[in-house]
Amino acid sequence: MLDSSTVPTLKDSTDALIRMALEEDHARNDVTARTILGAEQSFLVRGRVMAKGDGILCGGEIFDRVMKALDPTIRITWKVPDGHPVVTGELLAEVEGPAVSVLGTERTALNFIQHLSGIATTTASYVDACSTTRCKVLDTRKTTPGWRELEKMAVRVGGGINHRHHLADLLLIKDNHITAAGGIGPAVQRARDGAPGIPVEVEVRNDEELSEALAISPPLTRIMLDNMDLPELRRAVQLVAGRIPLEASGGINTIERAKAVAQTGVNFISVGALTHSVTALDINMKISLPGQPQAESTDERCRRLKEALGQKLVILGHYYVKDEVLKYAGYSGDSLALAFHALQAENAKYIVWLGVRFMAEMSAILCKEGQRVFMARKDAGCFLADCAPAPDLAAAWQRLDELTGGRADQEVIPVAYINSSFELKAFVGEHGGIICTSANCERVLRWAWERRRCVLFLPDQHLGNNTARLRMGVDPANILPFRMDLREDEGACSIHQRFTGADVRRARRLYPSAIVLAHPECPFEVVSQADGFGSTTYIIAQVEKATRGTVFMVATDQRLVDRLTAQHKDRGVTVMALSQPLRPEDYDVEDLASTWEIGAPLGASMGGHAAYCGYMAMSTSATLSQLLAFLTDYDAMSEPERAGPQVRRQLERYEVAVAPGHSREMARLSLQRMLDLGG
């Protein structure tokens, strides 16, 4: 069993590294800054730390410590927390201090945060790729010498799990150990005799070695499947049948390969590429002088342009977008509420969405003649919406038709979650189906079962299942998730899928009186253990009516949790993320061992994971101000339909349109059936 003393503190492991980096760069002797600007501490500058690419921010605390190690008077104000998705052009932090100190530490501080953010970004990509499976992403010891604790922290920030930190905290028996000991059995026996209580993992390369490892008693903690191809991995999963967690290792160095391996059914994949060959996230810092005339801020620009467009403009914002843009929304809410607000905006000429693409598509399907729908970033997609590609839909229905003897349209009714593509909504409308949201799912399912015997729920594997089983007492056999033996995985939200039953159990131990609330997109093991579950509107309502002293642990997008935390702190209501990072005093031997359980929490034993939706983060005040500036200019044109190629390119960049025709009418029909059920 692991001892909590083996957990290194981040500060202890990085102090020496920071000192070395500053000394290496001769930060106290920046000859350029000193000769041009002088060494006077009274000469102050301001710096704006900006993202030059999209990714996951990581290393803010280290950035601060690097700068303050040279000069404690430097002030740093972070606009974005660690773990938060950032986009190109976003302001991350503001720095103020003596010019010679800020310039002397700038490069070193940026080096740290760029590298760590690159690891967090890469890790998040691998985690997202595996999120529709139960497979978790592990790092390795392939780290930069001296950087291990920092790089493993960045993996946790990106949503991954740390494998062993060093050679002393896990008995990992590999081929050389096995050869030297004369076999797997003798190697394991010697290891257990010499280091009792420490978890044991054994590497195997073929079926014979796997069978030998399975025969060991007591069972191993985990078995590593080394460099096996996909058929071998599937065979191993079938042979083990859930008795021991399986880790696939070797050659997993692309997103596509990681997803394919995860779909075989293994419990873990270990990926050296998370740390040994990542690309840094591009971040820079621009310096200005105090008192220097400042350009109009993005906040001022957004307010001015919104006011100029007046009643012609309506801005709709989902609860998961950033506060910096949500404040400009005329209406905010969950998907169901915003669907009704969009319909009621009859006088608006321009409908602007702060959210993700399927929301804007919904408006484009339902909007009236003369209305146009826009997004600041049209590439703000939805992982879940992409889980049901159009070719698979037709194949799934054909398979159902075969299974029902040509009676699919009489026996099965499709219900699609609103987090879905235009094509899926059209497919559902074509086959007599309906759209639902997390707020009205129960009402929609009752409507569906009144009409046909079985429901095909698309594309999310959790929402329909959780609602039917926990709210309605329905046999899961009567609700078909979108699989139909056609796909290797089932649809899921890449954010809500991260929460596990282990997160709930840990919350119960650390905060026994806390109320656990979960979004129904979370797995059944989370929702079934929660004290309540429902849409974002439901979660907000529960917190708003709570009395002083109430503590909530919430399983949903971190951005909403952060907002609720700030809004209700003063009235004595505490709101925390279910994946709340552990403090050093909270470490328990069970947490340290839990990394080795099937379905272990994503990095919970070493700091938790931040569940921020990267697509929702694409709506920023900077991108919104650019869109509003275009709309203002476009609205002022006397003949916009005759605009030149530059304006047409801008329209293509911002406008979300759905071509008229049969597919649009079918998509409208599926949405209208939902709207007719009421809010």
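Computed from a prediction, not measured in an experiment: that's the story for all the values here. For the single chain, residues carry numbers from 1 onward in sequence order.
For residues 365-374, the pairs satisfying salt bridge (charged side-chain N to carboxylate O under 4.0 Å, His left out) are Arg372-Glu655, with sequence neighbours left out. A salt bridge (charged side-chain N to carboxylate O under 4.0 Å, His left out) check over residues 345-359, counting only residues at least two apart or in different chains, returns the pairs Lys349-Asp635, Arg357-Glu361. Residue pairs satisfying the salt bridge (charged side-chain N to carboxylate O under 4.0 Å, His left out) criterion with at least one member in residues 529-558, sequence neighbours excluded, are listed as follows: Arg508-Asp531, Asp557-Arg559. Residue pairs meeting the salt bridge (charged side-chain N to carboxylate O under 4.0 Å, His left out) criterion with at least one member in residues 313-334, sequence neighbours excluded: Glu90-Lys322, Asp299-Lys327, Asp323-Arg563.
Between the Ser421 side chain and the Ala385 main chain, no donor and acceptor come within less than 3.5 Å of each other.
A perpendicular orientation is assigned to the rings of Tyr350 and Tyr634, their planes being inclined by more than 60° (bins at 30° and 60°).
Listed by chain and residue number, Ala416, Leu424, Lys425, Pro459 satisfy the side-chain contact (heavy atoms from CB on, under 4.5 Å) test with Ser420 (two or more places apart in sequence, or in another chain). Applying the side-chain contact (heavy atoms from CB on, under 4.5 Å) test to Ala426 and every residue at least two apart in sequence or in another chain returns Ser663, Met666, Ala667. Gln371 is linked by a side-chain hydrogen bond (donor to acceptor under 3.5 Å, both in side chains) to nothing, counting only residues two or more places apart in sequence or in another chain. Take His318 and apply the side-chain hydrogen bond (donor to acceptor under 3.5 Å, both in side chains) test, not counting sequence neighbours, and it matches no residue. With sequence neighbours excluded, the residues satisfying side-chain contact (heavy atoms from CB on, under 4.5 Å) with Glu665 are Arg668. Scanning for side-chain hydrogen bond (donor to acceptor under 3.5 Å, both in side chains) contacts around Thr437 gives Asn440, with sequence neighbours left out. Residues forming a side-chain contact (heavy atoms from CB on, under 4.5 Å) with Ile255 (at least two apart in sequence, or on another chain): Ser125, Tyr126, Ala129.
Phe533 approaches Asn466 most closely through the heavy-atom pair CZ-O, 4.0 Å. Taking all atoms of both residues into account, the shortest heavy-atom contact from Leu326 to Ser332 is CD1-CB, 3.7 Å. Of all the heavy atoms in Val412 and Arg452, the pair that sits closest is O-NH1, 2.8 Å. Contact between Leu354 and Leu624 at its shortest, heavy atoms only, is CD2-CD1, 4.1 Å. When every heavy atom of Gly464 is checked against every heavy atom of Cys441, the shortest pair comes out as CA-SG, 4.4 Å. Between Ser335 and Met359, the shortest heavy-atom distance links the atoms OG-CE, 4.0 Å.
Tyr320 and Thr556 are linked by a side-chain donor-acceptor pair at a separation below 3.5 angstrom, with hydrogens and angles left out of the test. Under the 3.5 Å distance criterion, with hydrogens and angles disregarded, a donor-acceptor pair is assigned to the side chains of Asp562 and Gln558.
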Glu402 and Arg399: salt bridge (Lys or Arg N to Asp or Glu O under 4.0 Å), yes or no, with the steps? CA-CA 5 Å; Glu402 294 169 359; Arg399 174 66 173 151; 3.8 Å; yes

Please assess Val352 against Tyr654 for the test side-chain contact (heavy atoms from CB on, under 4.5 Å), listing each intermediate value before the final yes or no. CA-CA 9 Å; Val352 170; Tyr654 294 124; over 6 Å; no

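Ion pairing between a basic and an acidic side chain is recognised when a charged N comes within 4.0 Å of a carboxylate O; Asp128 and Arg498 show such pairing. Taking the charged nitrogens against the carboxylate oxygens, Arg446 and Glu450 have no contact shorter than 4.0 Å, which rules out a salt bridge.
For the pair Gln344 and Tyr331, the minimum side-chain heavy-atom distance is 4.5 Å or more. For the pair Val527/Arg469, no side-chain contact is recorded, criterion being any heavy-atom separation below 4.5 Å from C-beta on. Contact annotation: the side chain of Val561 never approaches that of Phe552 to less than 4.5 Å [non-hydrogen atoms, C-beta and beyond]. By the 4.5 Å heavy-atom criterion applied to side chains, Val504 and Phe499 are not counted as neighbours. Between Lys378 and Val656, some side-chain heavy-atom pair lies under the 4.5 Å cut-off. For the pair Arg673 and Trp447, the minimum side-chain heavy-atom distance is below 4.5 Å. In this structure, the side chains of Val428 and Val415 stay at 4.5 Å or more apart for every pair of heavy atoms. Residues Leu230 and Arg257 have side chains in contact (heavy-atom distance under 4.5 Å, counting atoms from C-beta outward).
Between Asp401 atom CG and Arg407 atom CZ the span is 10.5 Å, to the nearest 0.5 Å.
No more than 12 heavy atoms of other residues, nucleotides or ligands shown are found within 6.0 angstrom of CD on Gln398. Enclosure of atom CG in Asn347 is not indicated, since only 12 or fewer non-hydrogen atoms of other residues, nucleotides or ligands lie within 6.0 angstrom.
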Please output the side-chain donor-acceptor pairs of residues 512-521 that fall under 3.5 Å, not counting sequence neighbours, one pair per line with the distance.
unit_1 : atom_1 : unit_2 : atom_2 : d
His519 : ND1    : Glu521 : N      : 3.1
Glu521 : OE1    : His496 : ND1    : 3.1
Glu521 : OE2    : Tyr417 : OH     : 2.5

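Just one of Thr264, Asn267, Leu233 meets the side-chain contact (heavy atoms from CB on, under 4.5 Å) condition when paired with Leu246; it is Asn267.
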